[in-house]
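Each chain gets a letter, A, B and so on, in the order the sequences are listed, and its residues count up from 1.
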There are 2 protein chains.
Amino acid sequence: MVRRGKAAVHEPTTARGQRTRQKLLDGAEEIFGEEGFERASIAAITGRAEVALGTFYVYFPNKQAIFSELLIELGRALRRRLAEATRGLDTRLAVEEAGCLAFLEFVQSHKNFYRIVRQAEFVDEALYRSYYQGLAKSYAEGLAAAVEGDEIADLDPETVAYMLMGIFDFIGMRWVLWEGQLPPEKLLQDVFRFIRGGLLRAPGGR
Amino acid sequence: MVRRGKAAVHEPTTARGQRTRQKLLDGAEEIFGEEGFERASIAAITGRAEVALGTFYVYFPNKQAIFSELLIELGRALRRRLAEATRGLDTRLAVEEAGCLAFLEFVQSHKNFYRIVRQAEFVDEALYRSYYQGLAKSYAEGLAAAVEGDEIADLDPETVAYMLMGIFDFIGMRWVLWEGQLPPEKLLQDVFRFIRGGLLRAPGGR
DNA sequence: ATGAAACATGAATCAATATTCAAGTCAACA
DNA sequence: TGTTGACTTGAATATTGATTCATGTTTCAT
């Protein structure tokens, strides 16, 4: 029999438990997004979730645990969405464009997404890195294949992955986060033109 | 006569005071970088600065004030450095390359820079935005001139500014922050090739 | 129907720390 | 050298909030 230092934190077995746990995750996403990790109090989270304070500790051992779970969940959801949005597209540029749009739309429907990811740098640095490393890795694989197939210029795939993530991140910040809307179509076209130019066989030396 | 709710927080008039205030700013940069705003305690800051706890409140009214001042200082220092590094260059692409390198080097010598900027989103959101908006504005002006002079493709300058900032930000994170070094020359060349491709007259429709 | 798991509750504990303040120390000038 | 304003000190205050726990309540298999 395993002895634990603390009361066991169990996965809920009943439907009621599942619901409560989910309410806590939802509340936490909102509160963390609004206040940031440190200023988010457990009381605020349970308040938003409409459960009592103590209930929190039935499902999570501490504040950091629910945050980390949230980050993992959001990362998974984003990647699922991206895979879905780009499935079956046959040119790399089409993948980029669809992926960019899906990303921006995802952010728009998870406004607290950015803020949670950024907090993560201070809350759970290892997880923060693996979030980006994971994204970059699968991104780079797709790019490497496109390089292989001579579809795009021969640039280091990981480097390109980080550049593209940076572009999307900042465009998302500027428009979705600050203005609450997708960038106007005209600007989105400029984003795509820029990326297209960068990915296609670029001019050689200076 | 102006009445204040609190004891006046004065700028130091003597050299000793100047030194002490600066020690506090330096200590704060380190501690904020290491711990993040919320977890950074005033005691830790004064400890690092080697002054007594109470001394802090002689120079700053509260924790947020020193943080904001730090962000403003760092922003200023970065822009000064960028202006210096790109002064006199005559092609836009040369400006981009020199600016990119100067940025990465700046980050390397101010390791806590990133973390402070990112914390800012939660500590002083207005200042955080104006930090990026200020950078983007002067960036966009340079780009607009290059578009005007038909040196680069006709893309929305502000959009391009955010894309480039995103690229630099992520490359800096991946290499300088995570590896503690500038990207290998080979990768830097790929970054420049990508940017060159994006900025030059990009292929039209798909 | 009923007893045992599961689940829910919120007052109490306990540590951390931002900020204040009353009492010193220093440096320079008259 | 005595005086004064500038500067420094660190103990005391006051609040906040994470976490615990003893006590109810609900669910459901039998």
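The distance from atom OH of Tyr57(A) to atom C1' of dT19(D) is 5 Å, rounded to the nearest whole Å. Distance Gln18(A) CD to dC7(C) P: 9 Å, rounded to the nearest Å. Whole-Å rounding puts the Ile45(B) CD1 to dT17(C) P distance at 12 Å. The distance from atom CG of Leu24(A) to atom P of dT9(C) is 10 Å, rounded to the nearest whole Å. Regarding Glu11(B), its CD atom lies at a distance of 10 Å from the P atom of dC7(D), rounded to whole Å. Put simply, CZ on Arg19(A) is 12 Å from C1' on dT26(D), counting in whole angstrom units.
With sequence neighbours left out, the ring pair (Phe, Tyr, Trp, His ring centres under 6.0 Å) criterion links Phe32(B) to Phe37(B), Phe67(B).
Applying the salt bridge (charged side-chain N to carboxylate O under 4.0 Å, His left out) rule to pairs touching residues 47-58 of chain A yields Glu30(A)-Arg48(A), Glu34(A)-Arg48(A), sequence neighbours excluded. Legend: salt bridge (charged side-chain N to carboxylate O under 4.0 Å, His left out) pairs involving residues 134-146 of chain A, not counting sequence neighbours: none detected. Residue pairs meeting the salt bridge (charged side-chain N to carboxylate O under 4.0 Å, His left out) criterion with at least one member in residues 59-70 of chain A, sequence neighbours excluded, are Arg21(A)-Glu69(A). The ring pair (Phe, Tyr, Trp, His ring centres under 6.0 Å) analysis of residues 70-102 of chain A, with sequence neighbours excluded, yields no pairs.
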Per-nucleotide protein contact along nucleotides 8-17 of chain D, 5' to 3', at a 4.0 Å heavy-atom cut-off (B base, S sugar-phosphate only, - neither), is BBB-------
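A salt bridge does not link Arg196(B) to Glu96(B): none of the charged side-chain nitrogens sits closer than 4.0 Å to a carboxylate oxygen.
Between Thr46(A) and dA8(C), a side-chain N or O to OP1/OP2 separation shorter than 4.0 Å is absent.
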